[in-house]
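Written out below as structure tokens is the structure these notes cover.
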Number of protein chains: 2
Amino acid sequence: MGDSPRSRRERPAKPALSRQGIIDATNEIMRSEGLEKATMRRVAQALDTGPASLYVYVSNTTELHAAVLDELIGSFHSDGDGDWVARLDALLAGYSEVLFTYPGLARSALVLRPTGPNSIALFDRVLGLLLEGGIAPDRAAWGVDLLLQFVTATAAEHSAPAPSDAVARGQQGDPERFETAVRDAATTGTPHLRAHMDAVLGGTPAQRFMWATRALVAGITATPIPAEPANR
Amino acid sequence: MGDSPRSRRERPAKPALSRQGIIDATNEIMRSEGLEKATMRRVAQALDTGPASLYVYVSNTTELHAAVLDELIGSFHSDGDGDWVARLDALLAGYSEVLFTYPGLARSALVLRPTGPNSIALFDRVLGLLLEGGIAPDRAAWGVDLLLQFVTATAAEHSAPAPSDAVARGQQGDPERFETAVRDAATTGTPHLRAHMDAVLGGTPAQRFMWATRALVAGITATPIPAEPANR
DNA sequence: ACCTGAACACCGTTCAAGT
DNA sequence: ACCTGAACACCGTTCAAGT
């Protein structure tokens with residue numbers, strides 16, 4: 001009994017594989033090294049096994065990433081007080097924060113249409129707040145998509161593929177590139193851009209985020225859905 | 001003279017490499033096989049050379065994809081007539097059509113913040129239409145981003161990674177998965193979702209697209225930008 | 001200058017074989 | 001059942017060497 005032969009030292013006991021263990025390890029790698037490092041091979045290595053072993057618990061890379069995302073969505077609680085607008089702001093800010101912390105996941109979320117239990121719960125909470133605000137249920141129902149899509153897309157925009165990839169510098173959607181392009185173009189055939197360049201380039205990201213959510217809520221509130229109420 | 005020695009037959013003359021030729025070949029592969037097949041190696045093969053040769057004209061894969069996107073954005077002209085709303089609809093529909101035809105590119109566009117000349121021109125056109133609609137310049141300037149982001153994100157959502165990948169079936173954001181998840185969840189702790197399930201799941205994609213653009217324009221029109229007009 | 005063969009350092013996924 | 005070594009079929013990018 002006592003020490004089994006191969007438990008000499010090192011090897012921190014190598015916990016048995018499990019779906020949750022794989023998800024946790026993936027989460028950890030994503031946070032510290034970014035989505036693109038959270039590969040099957042890298043995760044397997046972190047768990048001291050081979051990539052093939054993961055396929056017992058996870059059906060493919062996409063599904064694994066989706067599982068991590070749903071877990072993260074379940075991890076933030078922002079049931080602040082205040083009126084429904086304040087609570088909506090807090091909720092969207094919380095979601096946004098998660099996506100900014102794991103930027104690569106925002107890209108996935110856009111394509112994946114998260115359907116895990118926590119994602120659905122988030123959808124329900126946003127819908128509840130819009131209804132509480134007195135928005136017509138039809139409009140609120142469609143509006144949730146618009147709001148969550150905006151948050152996701154905004155986070156995805158700010159996601160550089162590799163945290164410190166030499167190639168990425170000046171390549172990605174860093175605002176600078178866009179700003180330079182606008183200033184350059186303003187001298188040629190883009191009259192409106194030239195006339196309003198300062199407005200186009202103005203505002204902090206936080207100001208724009210806040211303005212956009214205001215505009216979305218206003219639009220959702222005021223815009224009737226088409227005649228056929230909700231066909232299909 | 002006449003036939004040079006190595007022009008026996010076959011080999012359709014192998015045109016010299018050029019940046020434009022590389023872009024065209026990439027475009028063609030994207031259309032016929034999807035973004036994920038438009039790799040350096042695959043493009044090089046189509047041009048009958050090795051991948052290393054492409055790096056003389058193109059700095060990396062991302063830049064190549066961005067070049068194709070800007071070319072496509074320049075390729076559609078929808079200066080229909082009618083009032084500004086009709087023309088805005090036509091313009092966004094045209095952009096949307098391109099992105100739906102090359103779905104993978106929509107994902108790229110979100111992260112890339114396209115800055116090519118044609119992309120900037122599109123931005124200018126949308127801005128012009130909003131101004132024509134009498135929207136305050138400050139709001140219009142920020143609103144363009146919101147509108148283009150919506151179109152791009154919507155196209156990205158509907159993009160399955162591989163056109164006919166066995167794994168993709170039931171995996172991606174096909175509406176069915178979301179619908180199933182909603183119906184399942186509706187029995188548990190998601191009261192609002194249950195109460196308004198039909199509204200949430202209702203509407204055709206086209207109806208939702210139209211409604212969303214209406215809501216966006218309404219919100220942009222009605223929402224004042226923050227006190228500091230356009231700092232920075 | 002332009003082009004390229006070959007290499008480096010990776011991927012996801014499958015499958016026969018082991019325990 | 002669960003796990004895995006090894007293989008298959010790919011990637012992007014670099015670089016020394018050729019023309």
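In what follows, chains are A, B, ... by sequence order, proteins preceding strands, each numbered from 1.
- Side-chain atoms of D124(A) and P191(B), non-hydrogen and from C-beta on, do get closer than 4.5 Å to each other.
- dA1(C) and dA17(D) have their C1' atoms separated by 15 Å, with the value rounded to a whole Å.
- Distance L64(B) CG to dT13(D) C1': 14 Å, rounded to the nearest Å.
- Taking the side chain as every heavy atom from C-beta outward, V111(B) and T62(B) never approach each other to under 4.5 Å.
- Contact annotation: the side chain of H65(B) never approaches that of Y102(B) to less than 4.5 Å [non-hydrogen atoms, C-beta and beyond].
- In this entry the distance linking CG of L17(B) with P of dT4(C) reads 6 Å, nearest Å.
- Nearest nucleotide to the side chain of S53(B), out of dC3(C), dT13(D), dT13(C): dC3(C).
- Inter-residue side-chain proximity for L122(A) and L91(A) is flagged as met; some heavy-atom pair is nearer than 4.5 Å.
- In this structure, CZ of R19(A) is placed 18 Å from C1' of dC3(D), rounded to the nearest angstrom.
- I22(A) has its CD1 atom 12 Å from the P atom of dC2(D), to the nearest Å.
- Atom CG of L47(B) and atom C1' of dC2(C) are 15 Å apart (whole Å).
- Among residue pairs with one or both ends in residues 94-105 of chain B, none qualify as salt bridge (charged side-chain N to carboxylate O under 4.0 Å, His left out); sequence neighbours excluded.
- At a threshold of 4.5 Å between non-hydrogen side-chain atoms, the residues E71(A) and D24(A) count as touching.
- Atom CG of L112(B) sits about 11.0 Å away from atom OG1 of T152(B), to the nearest 0.5 Å.
- Using the six-membered ring where Trp is involved, Y95(B) and F76(B) have ring planes that are parallel, under 30° apart on the 30 and 60° scheme.
- Between Y57(A) atom OH and dT4(D) atom C1' the separation is 12 Å, expressed in whole Å.
- Where DNA chain C pairs in unbroken runs of 3 or more (Watson-Crick or G-U, both distances under 3.5 Å), the stems are C:4-8 with D:12-16, C:12-16 with D:4-8.
- Side-chain atoms of R113(A) and D145(A), non-hydrogen and from C-beta on, do get closer than 4.5 Å to each other.
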Provide a list of protein-nucleic acid N or O atom pairs under 3.5 angstrom, restricted to nucleotides 8-12 of chain D.
residue	atom	partner	partner atom	Å
dC11(D)	OP1	T39(B)	OG1	3.4
dC11(D)	N4	R41(B)	NH1	3.4
dG12(D)	OP1	M40(B)	N	3.2
dG12(D)	OP2	M40(B)	N	3.2
dG12(D)	OP2	R41(B)	N	3.4
dG12(D)	N7	R41(B)	NH1	2.5
dG12(D)	O6	R41(B)	NH1	2.8

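- Nucleotides dA9(D) and dA9(C) are separated by 24 Å at their P atoms, to the nearest Å.
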